[in-house]
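As structure tokens, the structure follows; a few thoughts come after it.
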Amino acid sequence: MSEKLTGEEECVNITYYFTVIFTAIGTVLVFYFLYQKVGRVDLFIILLSTSAGGIPIGFIGAFIDYKVSAYKFEKRSYEQ
């Protein structure tokens, strides 16, 4: 079963550049603060910094990526 896309049902391509950047920044910030308190690096500190900083701040980046992609799609639709 194949569906043909009309002009209104085009696919929106979302890039994840801001998501990756914000996730990395959040992970590094939390890791830095945890390392200052604990003073050693182990698996728990790495997992905690990823889940406490990277994932929540990464959602902000995902929202920005979505808005940028929606804007590009809207701009592209007006040009046609």
Under a single-linkage definition using a 4.5 Å side-chain heavy-atom cutoff for Ile, Leu, Val, Met, Phe, Trp and Tyr, are [X] and [Y] assigned to the same hydrophobic cluster?
X	Y	answer
Ile60	Val68	yes
Ile45	Val30	yes
Tyr32	Val38	no

Pairwise distance [atom1]([X]) to [atom2]([Y]) - rounded to 0.5 angstrom:
X	Y	atom1	atom2	value
Ile21	Tyr16	CD1	OH	15.0 Å
Phe44	Leu34	CZ	CG	8.5 Å
Ile57	Leu29	CD1	CG	6.0 Å

In the hydrophobic clustering that connects Ile, Leu, Val, Met, Phe, Trp and Tyr at side-chain heavy-atom distances below 4.5 Å, which members other than Ile55 occupy its cluster, ordered by chain and number?
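Phe59, all in the cluster of Ile55.
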Check for a donor-acceptor pair, side chain of Ser69 on one end and backbone N or O of Tyr66 on the other, with a separation under 3.5 Å.
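Between the backbone of Tyr66 and the side chain of Ser69 there is no qualifying donor-acceptor contact (under 3.5 Å).
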Write down the atom of Ser51, the atom of Pro56, and the distance for their closest heavy-atom approach.
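Taking Ser51 first and Pro56 second, the nearest heavy atoms are O-CD, 3.4 Å.
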Lys67 and Asp65 ion-paired at < 4.0 Å:
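No salt bridge links Lys67 with Asp65.
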With side-chain contact (heavy atoms from CB on, under 4.5 Å) as the test, pick out the partner of Phe31 among Val41, Leu48, Thr50.
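Of Val41, Leu48, Thr50, side-chain contact (heavy atoms from CB on, under 4.5 Å) with Phe31 is met by Val41 alone.
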Quick one: do Ile64 and Phe22 satisfy side-chain contact (heavy atoms from CB on, under 4.5 Å)? Show the steps, please.
CA-CA 10 Å; Ile64 293 171; Phe22 276 67; 3.8 Å; yes
